[in-house]
Undergrad: 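Right, I'll just put the structure down here and ask away after.
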Amino acid sequence: MPTIAIKALRALLVLIGIAVITGNFIGGGLVIRSAALGTAAAVVLARVILVKEERLLWAVCALALCAWTGQLYYIVVPDAPVTFPAPPDYMAAIFYIGALLSIVLLVKSRLRDWHNSLWLDGVIGGLALSALMSLFVFHAALAGSGVETRIVDGQLGYAISDLFILGFLGAIALLGRWHLGLGGWGFIAAFSLLALGDSLYVSAVADDQLLPSSLVTSLWAFGSLTLAATATTRRRVARAGNAAGFVPIAILGLSAMSSLCLLLAYEIGWAEQMPALTALAAAVLAVVVVRFCLTLLENAHMLKESQTHALTDALTGLPNRRRLMVDLANSIGHAGKRESHTLALFDLDGFKSYNDTFGHPAGDQLLVRLGRKLVAAVAGHGIAYRMGGDEFCALIQGTANNAEHVVMSARVSLAERGEHFSITASCGSVSIPDESVGVDEALQLADQRMYAAKDQRTSSARRQSSDVLLKALHERQPDMDEHLKSVTGLARAVALRAGIHGEQLDEVARAAELHDIGKIAIPQAILDKPGPLSEEEWEFMHRHTLVGERILGVAPALRPIAKLVRSSHERWDGKGYPDRLRGEEIPIGSRIIGVCDAFGAMTQDRSYRASLTSKEAMAELRRCAGRQFDPLVVALFCEVLEHGIPPRAPAQGLLAAT
């Protein structure tokens, strides 16, 4: 809305508000009230003409205000008998219907992610507020009234309608966490004024005062002006809050209690003169019952969805590890009653390199494609699963010999090649129940066979390249073999303890094996020097990680571990080399290698000092944890030395922390 138009409309509303106050002092309340209604309708109509946004909402609101000007009937026909229903009463019904529809449009326009049950909650709130006010306020006001019943019922209907709309919007605002903005608060304020005015008028009717007082007319006028002022606010869309928990239960519970109170009051004869209360109580109970039924249906739907999600991999849509455990338990539990099965585990080779080259979104898409191909490969013979990461699984009908062709087809389906990548799969299988008596045993056996198959690929480009480099390093420094083997074994064990598996585990082990390859370029005199190194000699030593990275980067199969070698001498406190990385900026594998390398160095004799015992070396690692070393890696390392590591150990916090 243009700024000038906004200011002009608001100024007009302020002037009319002043006129209402002045008019009531000079006795022209009804006339001023009618002028306020007309002005309010004109302001909202002007908003409809000037602004396209929410035009339907404010057009309905303008129509409602125009219908309310039907109160001019008593000014135009001053001698008209006060009865019910009269022409203004029909126009008032249109006003309330229009106002309620405006609120519905307001909520739909300004709240996102709301649910259809929100409308039912609003109806419950409106009926409950109307019922409670009728019982505890209007009953006392109308008790013993000598005014014609139809007139009482008519004026009471206005007040109840105000309260219903106020309760309707209030319940929605509560359940939506008060995100309706100035528009919602404007409607609440407007109908609070109207409800107060109509309630006072009900009391006046009960005292046989059929003409409204100046206070009542002021409340009516300011209610209409507040409604018009709401139309000059800007639209701000907000997300509906999550009101699950106490609030909706409290609203439903209080509503049900209010209806029971109404029925009890009528039953004991306390509210016999207001038979409409029984209908109101029945309406509240009916809506509450419907809402409870809807809640049960929603809960059943959510339970079904949660069960489905719990057993389904979110990325590929395949059954997940939890579902496999259930199906595997059923297969083993019914052994002898049902045919045998073959459990086949698959681990992708080359997937981490693919992720590093093309990015994780491309890696996710690859997993989805391979998952679909695996499903097609085992269709009619078994079920495909995604275990997590780059691991898949299939539970195939028949023994390993009978299902061999299906396992082979599944393995082939998990392969994909391109110009700069090659993805294959290592596989391990086990027959159920012939080779296993339990779920854990079956998974462990298949897992061991899968990694045995992966490790047996000694003719791979990575293994060949590693062997060449290690041979060159051995020729230069024959005494390093024992140290490298020690660091490699420790690094692999700690990585397993940290929950690292698959190709990433292999990369950590390969990087540990080759982390000193850059020392080929360091002069032998520096490497064999018996005493402390000079500053210039340390500069030479600090280059060996960069040299190692360059050497490994030449072989495509070793590029993924080049980064780990480069960062293997970084420190947790940022004082390492060559990049002065700090904390979790250092790759996990490099942190593990750094701890294992330090332990190996401390427990070996050097020309300038004697070796430490394992306990002394561990004590030194703990002392330097948090400065030189990652504290979590040190803790895991000490656990490995003290307790060993079971196969396929779960993550112990390191992966979660990074």
Side-chain angles (χ1 to χ4, degrees), residues 352 356 462 465-466 469-470 472-473 476-477 480-498 500 503-522 526-527 533 538-555 557-604 617 620-621 624-634 636-637 640 654-655 658:
K352 186 175 184 302
D356 294 340
R462 178 178 293 179
S465 301
S466 298
L469 293 173
L470 288 171
L473 186 61
R476 178 75 185 279
Q477 288 185 283
M480 288 193 67
D481 282 357
E482 183 180 350
H483 172 69
L484 292 178
K485 290 178 181 178
S486 173
V487 173
T488 302
L490 289 171
R492 184 180 183 86
V494 174
L496 276 171
R497 190 77 179 182
I500 298 174
E503 190 173 358
Q504 190 177 9
L505 175 64
D506 183 63
E507 289 180 0
V508 173
R510 293 286 176 264
E513 193 175 35
L514 294 167
H515 75 280
D516 278 337
I517 192 63
K519 289 184 178 179
I520 289 177
I522 304 299
I526 295 177
L527 294 175
L533 300 180
W538 271 120
E539 288 184 7
F540 268 100
M541 285 296 295
H542 288 176
R543 295 174 189 169
H544 83 273
T545 57
L546 297 175
V547 174
E549 181 190 32
R550 289 198 296 269
I551 293 173
L552 297 173
V554 174
L558 297 178
R559 284 174 188 164
I561 69 175
K563 181 180 179 181
L564 300 183
V565 170
R566 178 189 179 102
S567 302
S568 59
H569 284 71
E570 299 286 357
R571 289 172 52 113
W572 186 254
D573 58 10
K575 296 180 180 179
Y577 61 89
D579 302 311
R580 293 190 174 274
L581 300 181
R582 179 187 297 272
E584 294 178 3
E585 295 175 351
I586 308 169
I588 296 175
S590 300
R591 285 180 256 161
I592 292 173
I593 294 169
V595 171
C596 297
D597 183 38
F599 179 83
M602 287 187 289
T603 54
Q604 285 184 336
E620 181 65 14
L621 289 176
C624 296
R627 292 182 297 163
Q628 184 174 352
F629 307 114
D630 181 348
L632 281 174
V633 173
V634 171
L636 294 177
F637 180 88
V640 167
L654 178 61
L655 292 180
T658 55

Undergrad: Provide the closest heavy-atom pair for Gly594 versus Phe629 in the form atom of the first, atom of the second, distance.
TA: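 Residues Gly594 and Phe629, closest heavy atoms: O-CE2, 3.8 Å.
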
Undergrad: Give me the atom names and distance for the closest heavy-atom approach of Gly548 to Ile517.
TA: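 Heavy atoms of Gly548 and Ile517 come nearest at CA-CG2, 3.7 Å.
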
Undergrad: Which atoms form the tightest heavy-atom contact between Ala495 and Ile592, and what is the distance?
TA: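 Minimum heavy-atom separation between Ala495 and Ile592: CA-CD1, 3.9 Å.
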
Undergrad: For the residue pair Leu505 and Arg492, establish whether any side-chain heavy-atom pair is separated by less than 4.5 Å.
TA: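 Yes. Closest side-chain heavy atoms under 4.5 Å.
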
Undergrad: Can you tell me how far CZ of Arg580 sits from CZ of Arg571, rounded to the nearest 0.5 angstrom?
TA: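 Arg571 atom CZ to Arg580 atom CZ measures 9.5 Å (nearest 0.5 Å).
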
Undergrad: So, for Ile593 and Ala511, which heavy atoms are closest and what is the spacing to 0.1 Å?
TA: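 What the structure gives for the nearest pair is CD1-CB, 3.6 Å.
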
Undergrad: Holding to side chain to side chain contact (heavy atoms under 4.5 Å, CB included), I want the full list of residues that pass it with Arg550, two or more places apart in sequence or in another chain.
TA: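 Result, side chain to side chain contact (heavy atoms under 4.5 Å, CB included) vs Arg550: Leu546, Val547.
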
Undergrad: Can you tell me if Ser590 uses its side chain to pair, donor with acceptor, with the backbone of Leu564 under 3.5 Å?
TA: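 Such a contact is found between Ser590 side chain and Leu564 backbone.
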
Undergrad: Suppose we screen for side-chain hydrogen bond (donor to acceptor under 3.5 Å, both in side chains). Which residues come up paired with Glu585, at least two apart in sequence or across chains?
TA: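 None.
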
Undergrad: Is there a side-chain contact between Leu514 and Ile551 (heavy atoms, below 4.5 Å)?
TA: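 Sidechains of Ile551 and Leu514: no contact.
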
Undergrad: Between Arg591 and Ser568, is any pair of side-chain heavy atoms under 4.5 Å apart?
TA: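 No, side chains not in contact.
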
Undergrad: Can you name the side chain to side chain contact (heavy atoms under 4.5 Å, CB included) partners of Pro631, sequence neighbours left out?
TA: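 Pro631 satisfies side chain to side chain contact (heavy atoms under 4.5 Å, CB included) with Trp572, Ala625 once adjacent residues are dropped.
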
Undergrad: Between Leu636 and Ala498, what is the shortest heavy-atom contact and its length?
TA: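 In this case the closest contact between Leu636 and Ala498 is CD1-CB, 3.7 Å.
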
Undergrad: Which residues satisfy the side chain to side chain contact (heavy atoms under 4.5 Å, CB included) test with Ser486, sequence neighbours excluded?
TA: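 Expected list: Leu490.
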
Undergrad: Would you give the length of the straight line joining atom OG of Ser567 to atom OH of Tyr577, rounded to the nearest 0.5 angstrom?
TA: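 Going from OG on Ser567 over to OH on Tyr577, the span is 12.0 Å.
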
Undergrad: Holding to side chain to side chain contact (heavy atoms under 4.5 Å, CB included), I want the full list of residues that pass it with Lys352, two or more places apart in sequence or in another chain.
TA: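 In terms of side chain to side chain contact (heavy atoms under 4.5 Å, CB included), with neighbours along the sequence ignored, Lys352 is linked to Asp356, Glu503, Gln504, Glu507.
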
Undergrad: Taking the side chain as every heavy atom from C-beta outward, state whether Asp597 and His569 have any atom pair closer than 4.5 Å.
TA: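 Yes; the side chains approach each other to less than 4.5 Å.
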
Undergrad: Measure the spacing between NE2 of His515 and CG of Leu484 and express it to the nearest 0.5 Å.
TA: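 So the gap between those two atoms works out to 6.0 Å.
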
Undergrad: Identify, with sequence neighbours excluded, every residue that meets side-chain hydrogen bond (donor to acceptor under 3.5 Å, both in side chains) alongside Glu549.
TA: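 For Glu549 the side-chain hydrogen bond (donor to acceptor under 3.5 Å, both in side chains) partners, ignoring immediate neighbours, are Arg566.
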
Undergrad: Might you work through the side chain to side chain contact (heavy atoms under 4.5 Å, CB included) test for Val595 and Val494, ending with a clear yes or no?
TA: CA-CA 10 Å; Val595 171; Val494 174; over 6 Å; no

Undergrad: Side chain to side chain contact (heavy atoms under 4.5 Å, CB included), that's the test. Do Ile586 and Asp630 meet it? Break it down for me.
TA: CA-CA 10 Å; Ile586 308 169; Asp630 181 348; over 6 Å; no

